[in-house]
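To start, the structure itself, in structure tokens.
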2 protein chains.
Amino acid sequence: MKKNGNFYLQNMNNNDILSKQDAICLLDLINESLFCAKEKEFRILLDKLKNLLNFEYAVSASINLDKKGLIESYELVNLNYPAQWMEAYVEKRYDLIDPIVIENITKYNVQYWNDTYKKHNAPKKFVNTAKDVGLKEGYTYGLKNLEGTHGTIFSFSGPKYKQQLRTEYILKYVIPHLHQALIRFLKPNMKLNADKDDVLLSSREKEILNWVKYGKSSWEISVILHISERTVNFHVTNIMHKLDVVKRSQAVAVAIDQGYIQI
Amino acid sequence: MKKNGNFYLQNMNNNDILSKQDAICLLDLINESLFCAKEKEFRILLDKLKNLLNFEYAVSASINLDKKGLIESYELVNLNYPAQWMEAYVEKRYDLIDPIVIENITKYNVQYWNDTYKKHNAPKKFVNTAKDVGLKEGYTYGLKNLEGTHGTIFSFSGPKYKQQLRTEYILKYVIPHLHQALIRFLKPNMKLNADKDDVLLSSREKEILNWVKYGKSSWEISVILHISERTVNFHVTNIMHKLDVVKRSQAVAVAIDQGYIQI
DNA sequence: ACCCTACCTGTAATAAATTACAGGTGTTTT
DNA sequence: AAAACACCTGTAATTTATTACAGGTAGGGT
């Protein structure tokens, strides 16, 4: 199933690798990533994946690639990598020497760190510094978009982690969707973004707000969703409170602005 | 987990509904749809899904939607629906009377045909004609893109098919990905919207719409602009007519989308 | 066990929006 | 000069939205 370092998902016999619980969990993760449009939501997904894989730390980044496919700039979404490490990483441009990153943007394959370290003869100083902060073993995987302008990288690590097929299968299955989600919410926000991420609309609320956006009245939405008109109004009220607005039209504008719903 | 006829994917306990084999199969289907870029590949996926669901027939279509969300045109990818039926369907514009299609482009939810037939008081002639060619019972589900310009519809049918939760769960999980795949490989064939009528909001109208966006009521705007509340409503009415919408909240969304006002 | 959240529902008063009717001024275009 | 348009205003019926009251279930986490 591994062939020239390449990984064929389509023909793999994952029945023996993944438990039913794994499979169900992956389906849900993938499904949720379809509707993930905010960093806060993305972090929740990343955390779920980290826990599913029994890792200690997780970090991700979207990468702007130049014409040669090299890193032009990158933007971190750090779940819980040690802050001091990440600061040093950015400060000292570790991305230029980190063999994991280099391997990622050239091969875009699932990496077990120790394999890559051996393969690239990684600088011992760098590797040891990472190990000192708890990043001893880990996996990394990322993709790039079809145009080759943007890439992503997802790293999971911990003090102790053995290489296992299950982890590789799960990453192969789910990272492409997290990749899409990360690209999706980082693209429009490249300029402004950030700061007030306190609000989090529930999926039901977003669903209702979307119908409001399409000009549906409360009664119409109640028919569409098979709930009472009262419940629709209840949700709308909550939405307005969460977004700190006083009218539906304002809620639509704010939600679009903040990325809770798409136009 | 069916509650008031509504369907909660995120919280559903699919452990009892889907077998391990189902889950693994879905993961593979979803994964393959990520890399599906040609009609031939897409047909294979559609066939796999049809077989997984034990249906006899399957058909799909991508739909160009107009501003109201109604069908402007559509393009079929017919796996194995009876040819004579599909010809008649296109010829006689059945899409305009087919309650399944109408329900799809308004609700974008999983439909069990018999439910929809009852709900909409489907024309018996149409239903019986379908049944005569073997399309007795079935499921339909489709989505639209964020911009609301394109939709998809996936129908599965057979002479005998009972309503079952498993089918609904599977469709909920996998159709969004087939939707993406279908949109992806059909997009090159689609004309890029092009002729959007140059609606032009007057400066006063944009001014008022901006205050609406900020959640101001008509009375408040009248005070701000030193005009009567009646005049504000007059302008709002004109705005809605120009944008072809029926609610202020919808007007805000459309105007932002079309760039008439900024967020 | 308890708290928290998401979700759902009811009644009802008040505020606001939507639609319809009918009419006005001033400026620019043809 | 007439037509077209942006802008403005009034009255009034009807439909929606907003707010407030009060309450329910179900699941997850501590």
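Each chain gets a letter, A, B and so on, in the order its sequence line appears, and its residues count up from 1.
With C/dC7, D/dT19, C/dT19 as the candidates, the nucleotide lying closest to the side chain of A/T237 is D/dT19. When the nucleotides C/dA6, C/dT18, D/dT9 are ranked by their closest atom to the side chain of A/K242, C/dA6 comes out on top. Set against C/dA17, D/dC8, D/dA17, the side chain of B/K247 has D/dA17 as its closest nucleotide. Candidate nucleotides C/dA6, D/dA17, D/dC8 were compared by shortest atom distance to the side chain of A/S217, and D/dA17 ranks first. The listed nucleotides are D/dC7, C/dT19, C/dT9; the one nearest the side chain of A/S228 is C/dT9. For A/I227, the side-chain atoms get nearest to C/dT9 when compared with the rest of D/dC7, C/dT9, C/dT18.
As judged by a 4.0 angstrom heavy-atom cut-off over every strand, A/N238 is placed among residues making no nucleic acid contact. Among the protein residues, A/S218 comes within range of the sugar-phosphate backbone only, with heavy atoms under 4.0 Å from sugar or phosphate atoms but none that close to a base. Residue contacts for A/R230: at a heavy-atom cut-off of 4.0 Å it reaches a base atom on one of the strands shown.
Side-chain atoms of A/R248 stay outside donor-acceptor range of the base of D/dT18, with no qualifying N/O pair under 3.5 Å.
Under 3.5 Å, the side chains of B/T116 and B/Q111 contain a donor-acceptor pair of N or O atoms.
Ring geometry for A/F55 against A/Y161 counts as parallel: the plane angle stays under 30°, on a 0 to 90° scale with 60° as the upper cut. By the 30° and 60° cut-offs, the orientation of the rings of A/Y57 relative to A/Y81 is perpendicular.
Atom pair B/I208:CD1 and D/dA6:P shows a separation of 13 Å (rounding to whole Å applied). Between B/I224 atom CD1 and D/dC8 atom P there is a gap of 14 Å when expressed in whole angstrom units. Nucleotide D/dT18 holds its C1' atom 9 Å from the NE2 atom of A/H241, rounded to whole Å.
Checked for salt-bridge contact, A/E41 and A/K206 meet the test: a charged N lies under 4.0 Å from a carboxylate O.
Atom NZ of residue B/K213 and atom CD1 of residue B/I208 lie 14.0 Å apart, to the nearest 0.5 angstrom.
Toward the 5′ end of DNA chain D lies the nearest nucleotide of A/S249, the other residue of the pair A/S249 and A/F234 mapping further downstream.
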